[in-house]
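Below is one structure, written out as structure tokens; comments come after it.
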Amino acid sequence: MTHAPRPPGPPFAIAGAGTPHAPIVFEHVSKRYQLSVAHDSLPALIKRLIRKNGRGELHEGEFWALKDVSFHVKQGETLGIIGHNGAGKSTILKLLSRITKQTKGSIALRGRLAALIELGGGFHSDLNGAENIYLQGTMLGLTHREVRNLFDSIVAFSELEQFLQTPVKRYSSGMIVKLGFAIAAHVHPDVLLLDEVLAVGDIAFQQKCFKRIDQLRDSGTTMIFISHNLEAVNKLCDRVLLLRQGEVIEEGTPGRMIKRFRDEMFSHALKVAAQTPAVKSSAAVQITQVNLTDPAGFPVDSVNTTEPLRVEIHYQANRPVFEPNFRIAIERLDGLLCHGSLSRQNGLALKALEAEGKVSVEYPALNLLPNLYQITIELFEAGNPLPVAALRHRCFFQVTADGPQEHGAVHLEHVWRLNQEHNPGDKDARALDEATAPR
């Protein structure tokens, strides 16, 4: 968790006269970085220090992490920022939290800021958990008495009571996230910045964090949320910025921006897979190819939820593989394992594989919800815990949907029903139906 006192005046100003009345205002912000300064000569260093930043020029060894980025975040709004690694997401949060300074443009921030953007950021590693609660609370603008009044609640939320006297340098990454979020969530910040750190905690704590985030939103806290968990972005955010190589590509509703980002990710994954050479090995057994087809055998790389899908696995066995056991795993690109199956335990108990051939896995109805997925195939032999052949990061597909919007990982067959006997208003509905029914 990071925080710093407000600096006076532009280019990083507290919003006031002449500034739109929004808690966060980014105006034509650019950030230039030097790739390496370790071996700069003294003349080169002096030249870089004295040149004017306003020219927008790049010199040797420099790059733009952000290029002319503008956005406003209204009071109580949650803005999501998505994009590939290196798109500039974390740079925006570092600029807002004043860890670094923009090269061009202006940033305005109104109100108390709390930020969770780096594991352990702002903690003193030699101080224990209790001492860091007071340190961070003070840095966030609370008095010693206010921190003391909130102390028990912070500790209870963090679930770290037995570790309060332990130096933070001995905390795990999950413990650091718990303590950092517990402090940030209890100071009632006007602006909360959240990076990918929430992905580190355990599932139960993540759920508690998201519940607290909902409470902060309801109380009017303005947020910027960065996560590769697109379901969380869709759930929490009012608007989403899509970044690519430091520039805003588009801004819009979460659903539309997530769909565009997934389309880009899918195109990128296919391109990388096509450029990745097949694994060359002297192994006697290989998985040579994995194909996705529809029931008629036509290749597909996209399938609708509940539509059928066939996975064909081609192999080359230069020696007999006894008691072969194929394993298929379907994962979302964020790493969530959605399905796994072993052939011997599910109807294909072969004595041996020889020469070349193929096996297939058929899904009569693929009940995955829209997202991007990859397939991993492994081949095991006669109880050997290690695969004798595998194919990974070469087979990608996406799932789409034309029907009603659902959330989560899978589609479950379900029916909504109304128990009319316990719905007083239904009598009026039935009377209306009878009155309007054709005679």
Side-chain angles (χ1 to χ4, degrees), residues 84-85 228-231 258-281 283-318 321 324-348 350 353 355-381 386-401 409-411:
H84 294 285
N85 291 335
H228 287 100
N229 183 344
L230 298 181
E231 289 295 324
I258 288 172
K259 182 181 184 305
R260 175 166 180 179
F261 182 45
R262 282 175 174 164
D263 289 343
E264 290 189 0
M265 290 174 64
F266 183 59
S267 298
H268 179 72
L270 291 180
K271 182 178 179 180
V272 170
Q275 294 175 347
T276 302
V279 177
K280 294 182 179 180
S281 172
V285 186
Q286 294 183 3
I287 305 294
T288 57
Q289 192 173 351
V290 175
N291 296 329
L292 306 181
T293 76
D294 63 15
F298 292 102
V300 297
D301 58 19
S302 180
V303 60
N304 272 8
T305 297
T306 72
E307 284 188 349
L309 177 69
R310 178 188 296 162
V311 182
E312 296 180 347
I313 305 163
H314 297 254
Y315 62 86
Q316 174 70 48
N318 298 321
V321 179
N325 201 2
F326 288 92
R327 178 181 182 269
I328 184 172
I330 300 179
E331 296 176 302
R332 284 195 326 211
L333 288 196
D334 62 7
L336 176 67
L337 176 62
C338 298
H339 171 75
S341 176
L342 290 164
S343 60
R344 293 193 70 82
Q345 285 73 29
N346 290 276
L348 188 65
L350 303 175
L353 289 181
E356 60 180 318
K358 71 177 180 180
V359 298
S360 63
V361 185
E362 296 186 3
Y363 299 92
L366 191 70
N367 290 325
L368 297 174
L369 289 181
N371 217 312
L372 307 179
Y373 300 87
Q374 63 178 338
I375 290 178
T376 295
I377 303 295
E378 295 174 319
L379 175 59
F380 297 85
E381 179 180 24
L386 299 177
V388 295
L391 190 146
R392 304 181 179 93
H393 309 300
R394 302 260 312 160
C395 184
F396 300 89
F397 70 100
Q398 64 177 333
V399 175
T400 59
V410 298
H411 165 76

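Numbers for residues simply follow the sequence, beginning at 1. All heavy atoms count here, side chains included; hydrogens, waters and symmetry mates do not.
- A heavy-atom distance below 4.5 Å is found between the side chains of I313 and F326.
- For the pair H411/T306, a side-chain contact is recorded, criterion being any heavy-atom separation below 4.5 Å from C-beta on.
- Going from atom CD1 of I328 over to atom OG of S341 covers 7.5 Å, rounded to the nearest 0.5 Å.
- Not a single donor-acceptor pair under 3.5 Å links the side chain of N304 to the backbone N or O of E307.
- Residues Y315 and T288 have side chains not in contact (no heavy-atom distance under 4.5 Å, counting atoms from C-beta outward).
- Once rounded to the nearest 0.5 Å, the distance linking CZ of F298 with OG1 of T293 reads 10.0 Å.
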Side-chain donor-acceptor distances from residues 356-371 under 3.5 Å, at least two apart:
| unit_1 | atom_1 | unit_2 | atom_2 | d |
| --- | --- | --- | --- | --- |
| E362 | OE2 | R310 | NE | 3.3 |
| Y363 | OH | H339 | NE2 | 3.1 |
| N371 | OD1 | R262 | NE | 3.4 |

task = For the pair R344 and F380, evaluate side-chain contact (heavy atoms from CB on, under 4.5 Å) and give the outcome as yes or no after the intermediate values.
result = CA-CA 10 Å; R344 293 193 70 82; F380 297 85; over 6 Å; no
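- Residue A317 comes nearest to V321 through the heavy atom pair CB-CG2, 4.2 Å, listed as atom of the first residue, atom of the second, then distance.
- A heavy-atom distance below 4.5 Å is not found between the side chains of F396 and D301.
- By the salt bridge (Lys or Arg N to Asp or Glu O under 4.0 Å) test, R392 is found to be paired with E378, residues two or more places apart in sequence or in another chain being considered.
- Between I287 and A390 the shortest heavy-atom distance is CG1-N, 4.0 Å.
- Across all non-hydrogen atoms, the minimal contact from P324 to L350 is CD-O, 3.3 Å.
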### Task
Verify side-chain contact (heavy atoms from CB on, under 4.5 Å) between R332 and C338, making sure each step is shown before the conclusion.
CA-CA 7 Å; R332 284 195 326 211; C338 298; 3.7 Å; yes
| task | List the steps and the verdict of side-chain contact (heavy atoms from CB on, under 4.5 Å) for L292 and L309. | result | CA-CA 7 Å; L292 306 181; L309 177 69; 4.2 Å; yes
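- When each of L336, L337, L372, I375 is checked for a side chain to side chain contact (heavy atoms under 4.5 Å, CB included) with E331, only L337 meets the rule.
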Stepwise side-chain contact (heavy atoms from CB on, under 4.5 Å) check, T305 with T400:
CA-CA 6 Å; T305 297; T400 59; over 6 Å; no
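- Residues satisfying the salt bridge (Lys or Arg N to Asp or Glu O under 4.0 Å) test with D263, not counting sequence neighbours, are K259.
- Here the straight-line distance linking atom CD of Q289 with atom CG of N291 works out to 4.0 Å at 0.5 Å rounding.
- Residue H268 holds its NE2 atom at 6.0 Å from NE2 of H84, rounded to the nearest 0.5 Å.
- The line from CG of L379 to CG of N325 is 8.0 Å long, rounded to the nearest 0.5 Å.
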